[in-house]
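Read through the structure below, which is laid out as structure tokens, and then see the notes.
Note on naming: letters A, B, ... go to the chains in the order of the sequence lines (proteins, then strands), and numbering restarts at 1 for each one.
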There are 4 protein chains.
Amino acid sequence: MAYRSSEKTRQKKDAKRTAMMQAAMKVFAEKGYHAATVRDVVKQADVAIGTFYFYFPDKETLFTYLYEETADFILQSLQQATSGSADFETKLKATMQSYLNIAAYEPAVIQLLLVGGVGAVPSLHEKRIQFRERLAGAWQRLLREGHEQGVLATPQDLRRSAEYIAGGIDEIVLTLLRLPNPNTDVATAELIQTTLRLVGYQAAE
Amino acid sequence: MAYRSSEKTRQKKDAKRTAMMQAAMKVFAEKGYHAATVRDVVKQADVAIGTFYFYFPDKETLFTYLYEETADFILQSLQQATSGSADFETKLKATMQSYLNIAAYEPAVIQLLLVGGVGAVPSLHEKRIQFRERLAGAWQRLLREGHEQGVLATPQDLRRSAEYIAGGIDEIVLTLLRLPNPNTDVATAELIQTTLRLVGYQAAE
Amino acid sequence: MAYRSSEKTRQKKDAKRTAMMQAAMKVFAEKGYHAATVRDVVKQADVAIGTFYFYFPDKETLFTYLYEETADFILQSLQQATSGSADFETKLKATMQSYLNIAAYEPAVIQLLLVGGVGAVPSLHEKRIQFRERLAGAWQRLLREGHEQGVLATPQDLRRSAEYIAGGIDEIVLTLLRLPNPNTDVATAELIQTTLRLVGYQAAE
Amino acid sequence: MAYRSSEKTRQKKDAKRTAMMQAAMKVFAEKGYHAATVRDVVKQADVAIGTFYFYFPDKETLFTYLYEETADFILQSLQQATSGSADFETKLKATMQSYLNIAAYEPAVIQLLLVGGVGAVPSLHEKRIQFRERLAGAWQRLLREGHEQGVLATPQDLRRSAEYIAGGIDEIVLTLLRLPNPNTDVATAELIQTTLRLVGYQAAE
DNA sequence: CATGAATGAGGGTTCATTCAT
DNA sequence: AATGAATGAACCCTCATTCAT
């Protein structure tokens, strides 16, 4: 007896859901978890408050989901940049490129991850820690390759270097995002050079 | 006949005010701005809620003041480490030592600055940005000395390197603070070495 | 050319309507008026929420209608038991039998009437009062017969005795319904005896 | 340093708390748990909504507490009436007197117990069941005395009779409370006579 | 000075109801 | 007829802030 949920309707619903998540992303990125209200989100999405609860179970769940999805997106982007067979320097450049690209074209993504979830609900705090660890882990994997290729300074604790890099990049990215017209290319080039120095890179002969 | 609060009274008042600020620091560092309530603070300080509003105009002002004071404390500590006449390496070691010391013995100070005020009230956001800039500025001054002594790699944007350092250190510090028994000494030594590489340090002959 | 819904269509519609009312009865009996939601009802009936509003104008009206219908059903059952020509004792036994039978086989009916509509909407409160009065009225009619047959103790206010009986039975019924395997037969026999004593029954010689 | 909480202040607070509980009692008795809102209560008490939460942790807790307290009050009143050494008839009269007195002078107490907590939150449902059981228990104890004095009809299930009595009385009481000027005395006398018949009372020679 | 009772704006969430498809 | 996405009033509750004592 059930009417076939016309494909069109389904698509429309999905589109709306996506639109609402983007609205939520923007609001959370700007205000952070606590300061952002559900009313802010629905206003941004131009829907009624009940609509929010039609699409999402509650504020916390949405934020957690948004945070995880965003974190996965970033980490996969980095993963992609480091996969394949290439030398350390090439991969590092690609990775940095990738990260800065996201920062340039999807600033809310970065804002959400870096400031949106701080000082929030405990379950969220946990997620944030996980993200930082996975982010450092991504860099660490890259460094390990460099180490195996024998192009990095020794001794060094690759984990700690990876954390240093992750933190350093984000500091610079946040500074960039505060500028009206950030020159991402120059920053990327400099970040690459600085990071190469940081790990004591010596090109193989 | 003009009233004048006797010196003793004033001291007592100041002591209470200080105690309340320490209580507030602890609470804000643990929970962050939004999750911490004024009631949490007064409970920690063991005073009535009305007393809070005798000493501070409101929650936001207190937090801002606390944030500024804490930021000043950190920045002055770094300043002290870099003042005097010594070579670049010595000063960098002293600075790093100083920062990590604070993290080790006054973790709340670091927590407050790094996570306590993120995603909070707009006025606070501003303060946070200022702090990051001043922190980068402190490192930048040190790097400039190194540059003038000719011991750093060129070309490099000292400002950007300073930001990289500031961000990298904090990432590692936050990781350390999550551990039950962080070995600060090892971390400090590594941070120094990594930072020296980052700036392309070459000891003068 | 006037449309006329074919007999078949009407029957189908009535069937659906009935099914939805049974679903509503179950839900209201279990949760009571306020705690039961329209969504609970449509879920139980396995239809969409819009369908509910096609068949019923709103929640309150449905409940009121359901309550009335159920009340009528009970009262008619009692009526039937007391109709015909028989002596007081026989009729009382039949009436009690009838009531306890409903409680045993259609507990939701009783639950709905006794607890489903308490503390609800004003219009419902009115209905509940009416039901109690009609229920007492049914007993009162029976008692009047007994009085006319001269088998009841005098003096007694038949109305008040009728209320006493109605309230006493329901108290016991509700207690029974809480048991996993209520022995209705024993309870019925006891209720009959107790009620006969209550009205001071003396078999005619 | 703590100022002595002047006895006067304390008393005032207690008085207010009591006033608020009475306001809550009235509202809950009139509307039942679900239909009554916290705003209804604070409006009745003429205080702000925050004041409610200063005195009580939440709506459910208050209601539960109110319900328990009221139940205890009623049960203790009955207890008092049945204690002491007197014959069965005297005690039954006293008990009935006591119950009807409360109904006459504190109708909200009865309303709360009988209708206020029906169909409410699960924890409350439990409380209601407990109350009914304790109420029946009170009557049962009285009947047992009568049984031991050999003035009651045998055989009869004293528990079931007790429930019958409890339910019957409440039905009549609720009817009375609907009248503008209920004549409690006549009702009491009749209830006593009817109850004596119900239990098959035969005065000892 | 210090207290804590009192306030009420505002936050998250529910749910009866509507209406375009 | 039937659907279910969308709405928004209203609920419970929190918490920064005030002020009489």
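If you check residues 22-29 of chain A against DNA chain E, you find no residue with a heavy atom closer than 4.0 Å. Interface residues of residues 42-60 of chain B facing DNA chain E, ordered by number: B:V47, B:A48, B:I49, B:G50, B:T51, B:F54, B:Y55; criterion, heavy-atom separation under 4.0 Å.
Atom P of nucleotide E:dT21 and atom NZ of A:K13 are separated by 17 Å, given to the nearest angstrom. One can place OH of B:Y33 at 13 Å from P of F:dC15, the figure rounded to the nearest angstrom. A:R10 places its CZ atom 17 Å from the P atom of F:dT3, with the value rounded to the nearest Å. Spacing between atom NE2 of D:H34 and atom P of E:dT14 amounts to 13 Å, rounded to whole angstrom units. Between the CZ atom of C:F63 and the C1' atom of E:dC15 there is a distance of 17 Å, given to the nearest Å.
For B:E69, the side-chain hydrogen bond (donor to acceptor under 3.5 Å, both in side chains) criterion is met by B:Y65, not counting sequence neighbours. For B:Q22, there are no side-chain hydrogen bond (donor to acceptor under 3.5 Å, both in side chains) partners, not counting sequence neighbours. In this view, A:D58 satisfies the salt bridge (Lys or Arg N to Asp or Glu O under 4.0 Å) rule with no residue, not counting sequence neighbours. Under the rule for a side-chain contact (heavy atoms from CB on, under 4.5 Å), the partners of A:Q44 that lie at least two apart in sequence or sit in another chain are A:A23, A:K26, A:V27. Qualifying side-chain hydrogen bond (donor to acceptor under 3.5 Å, both in side chains) partners for D:Q130, counting only residues two or more places apart in sequence or in other chains: none. Taking D:A29 as the reference, D:A108, D:Q111, D:L112 meet the side-chain contact (heavy atoms from CB on, under 4.5 Å) condition, with sequence neighbours excluded. Under the side-chain hydrogen bond (donor to acceptor under 3.5 Å, both in side chains) criterion, D:K127 pairs with D:E68, not counting sequence neighbours. Partners of A:E60 under the salt bridge (Lys or Arg N to Asp or Glu O under 4.0 Å) rule, at least two apart in sequence or in another chain, do not exist in this structure.
With a cut-off of 3.5 Å on both pairing distances, the Watson-Crick and G-U wobble pairs of DNA chain E assemble into stems of 3 or more at E:2-21 with F:2-21.
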Can you list, pair by pair, the side-chain donor-acceptor contacts under 3.5 Å of residues 45-54 of chain D, counting residues two or more places apart and other chains?
unit_1 : atom_1 : unit_2 : atom_2 : d
D:T51  : OG1    : D:A48  : O      : 3.4

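Residue D:K16 is in sugar-phosphate contact alone, with no base atom involved, counting any heavy-atom pair closer than 4.0 Å across all strands shown.
A cation-pi arrangement is present between C:K59 and C:Y33, with the terminal nitrogen or guanidinium carbon under 6.0 Å from the aromatic centre and inside a 45° cone about the axis.
The closest side-chain heavy-atom distance from B:V41 to B:M20 is not below 4.5 Å.
Taking the nucleotide of DNA chain F with the nearest heavy atom to each of A:R39 and B:T37, the more 5' of the two is matched to A:R39.
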